[in-house]
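Here it is: the structure, laid out below.
Just so it is clear, the values below take in all heavy atoms, side chains as well, and ignore hydrogens, waters and symmetry mates. Both ligands and their constituent atoms are indexed starting at 1 by order of listing.
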Amino acid sequence: MQILEGIAVSPGVAIGEVVVIDNEGFRIPTRFVTRDAVDEEVLRMQHAFDSVAAEISRNHERISDQLGVQYGAIFAAHLQMLKDPTLVNEVTGMISEKHHSAEYAVSKTLRRYAKIFQELDDHYMAERAHDFFDLEKNLLGKLLGRRRESLSKISTPAIVLAHNLTPSETAKLDPRFVLGFATEVGGPSSHTAIVAKGLEIPAVVGTGHFLTDVSGGDVVIVDGDHGQVILNPDDKTLHRYQEELEQHRSLAAELSVLRDLPAETIDGVRIQLGANIEFPHEVNACRERGADGIGLYRTEFLYLGTDEEPTEEDHYRAYAHVIQSMGDRQVVFRTLDLGADKLGQLPRHEEENNPFLGVRSIRLSLRNLDLFRVQLRALTRASALGPVRVMFPMISTLQELRQAKMLLIDTMEDLVEDGYELKEKLEIGIMVEVPSAVLMLDKFLKEVDFISIGTNDLIQYCLAVDRSNKDVANLYRASDPAVLRLIETTIRQSNDAGVPVNLCGEMSTSPKYVPLLLGLGLRSMSVPPSSVPEIKQVCRSVSIEQCEAIAQRVMELESALEVDAYLTDQLRQIFPELAI
Ligand code: PEP
Ligand code: MG
């Protein structure tokens with residue numbers, strides 16, 4: 001058994017057999033073959049070794065001829081490794097004695113070698129681990145041949161382990177079969193994490209290197225509540241987690257009775273509790289969980305799940321489905337927030353050194369007007385179907401807001417000319433997720449109908465901490481007093497100006513922050529559908545007076561650690577089961 005510590009990004013527990021995904025998004029399958037298949041399996045393996053060796057020899061000759069023997073030597077070394085009798089015997093032994101599949105034996109053995117090199121202090125030698133990974137990849141390529149399956153093809157229950165999963169790759173996971181996943185890299189609020197929550201797949205990211213220790217078919221536990229990955233658990237641990245899974249199910253059943261009850265505090269203050277979605281089909285989860293509406297629809301995900309550029313009709317169909325399914329409940333559409341870690345097939349930009357500070361979000365939309373207009377046309381057309389708000393992301397200057405609004409107005413005029421019947425007025429708002437927007441809030445409030453605080457980005461831009469980097473995850477804290485001051489002033493100024501303010505970042509997903517946010521004057525939040533019941537329960541368990549006292553105390557504290565400790569303690573008193 002091996003326990004790895006990572007960052008918990010999507011709650012819940014998953015237990016199952018591992019599918020290891022290589023860097024090209026292909027799975028490395030199965031662990032055992034039947035006794036009768038052993039001889040054939042050894043032959044398959046030998047075949048793969050021979051054919052990779054032949055390929056390497058060809059490359060050796062070609063490169064030696066073209067560039068000289070010193071370059072050819074790289075391949076000579078690979079060939080030597082591949083022909084090393086100890087290595088070959090180890091792989092053969094695993095198949096003939098333990099009945100492992102050729103893929104498993106190759107993967108396990110080469111990864112064991114790679115790991116030994118990886119752990120050497122000598123940097124040059126540690127790099128040699130890549131040679132073993134390379135060989136593994138080539139051998140698996142031969143063994144799997146046409147049997148290579150991409151991520152989206154996983155069709156039996158499994159836990160996905162990978163070095164990294166991009167938001168688009170995560171979007172392709174089928175939650176019916178992918179029970180959980182864990183990645184070696186990734187940060188607390190990466191969009192991969194957000195998609196995992198949307199799909200309700202327990203996930204842990206940022207564990208550091210571990211893939212060398214696992215092979216397809218091993219059993220693993222992903223503990224998305226505590227940020228742990230447990231490889232090959234012993235019976236006691238397995239049993240404990242099976243019980244925990246049961247508890248999760250019964251807590252979910254208990255909370256399901258809240259579906260038709262309002263998110264109302266003990267002293268009768270009604271809180272708007274919306275849901276955040278990435279995909280149109282999530283509307284079902286929003287309704288089932290009793291959300292008041294959709295507080296954030298991340299429309300850019302229409303680009304991330306596919307290889308084709310969506311047309312105006314594609315946008316329209318998705319939007320119409322969401323609006324019609326939500327009936328009289330409001331839907332807040334956020335316009336495209338592409339760029340940074342959310343790169344689909346388009347539009348391609350130069351490599352950026354700091355993509356989160358680069359051509360991202362509204363900046364990207366305003367530079368790709370054709371792309372932006374397609375979305376705005378679909379959105380304004382769909383807005384005739386129900387209560388809709390439009391929200392622009394990552395606004396950092398007033399000029400950006402004005403330009404985006406102008407474009408929206410232009411689009412509406414075009415549509416009217418084209419004969420469409422539109423709403424008289426479309427409510428327009430912005431995400432407040434860059435500190436400059438908070439500093440200029442008095443001006444912004446005069447030009448918008450609502451705002452929504454995006455804490456995921458506000459934290460990273462306030463504290464200079466990349467939200468997707470595990471190495472600075474300890475600094476990425478919603479509870480940092482600097483972040484809390486930005487949030488407090490945003491809520492206060494909006495309330496004073498009578499402009500509705502929502503908070504749609506992951507912060508409000510954590511039950512302990514809810515009393516604080518209510519105490520700061522927030523009356524509208526949106527969270528992933530799966531979190532709606534839990535957050536509703538917290539709202540229904542507190543009074544505003546109690547929350548205000550909590551907020552007052554928190555705003556006097558000086559560090560994130562103190563704030564977290566205090567809020568956890570308060571939550572434990574209010575609602576012990578949720579205090580983690
Ligand atoms: C945010 O930044 O808080 C937010 C809600 O948007 P996203 O996570 O998509 O950047
Ligand atoms: Mg954001």
Could you identify the N, O or S atom of Asp457 positioned closest to the Mg ion (ligand 2)?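 Atom name returned: OD2.
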Kindly state each residue pair satisfying salt bridge (charged side-chain N to carboxylate O under 4.0 Å, His left out) with at least one member in residues 520-529, sequence neighbours excluded.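 Not a single pair qualifies under salt bridge (charged side-chain N to carboxylate O under 4.0 Å, His left out).
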May I ask you to say whether Asp457 pairs ionically with Arg360, meaning some side-chain N is under 4.0 Å from a carboxylate O?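 A salt bridge links Asp457 with Arg360.
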Cationic tip of Arg389 above Phe450 ring, under 6.0 Å, 45° of axis: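 Yes, cation above the ring, under 6.0 Å and within 45°.
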Of all the N, O or S atoms in Glu433, which one sits nearest to the Mg ion (ligand 2)?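 In Glu433, the heteroatom (N, O or S) nearest the Mg ion (ligand 2) is OE1.
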Answer yes or no: is there an ion pair linking Arg259 with Glu288, defined by an N-O contact shorter than 4.0 Å?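 No, Arg259 and Glu288 are not salt-bridged.
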Nearest heavy atoms of Arg270 and Ala263, plus distance in Å: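 What the structure gives for the nearest pair is NH1-N, 3.5 Å.
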If we count only N and O atoms by modelled type, under 3.5 Å, do the side chains of Glu308 and Tyr303 hold a donor and an acceptor together? no
Neighbouring residues of ligand 1, heavy-atom cut-off under 4.0 Å: His191, Ile194, Leu296, Arg298, Arg334, Asp337, Lys342, Arg360, Met431, Glu433, Gly454, Thr455, Asn456, Asp457, Arg467, Cys504, Gly505
Using salt bridge (Lys or Arg N to Asp or Glu O under 4.0 Å) as the criterion, point out the one residue from Arg317, Arg373, Arg381 that pairs with Glu312.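 Of all the options given, the one that passes is Arg381.
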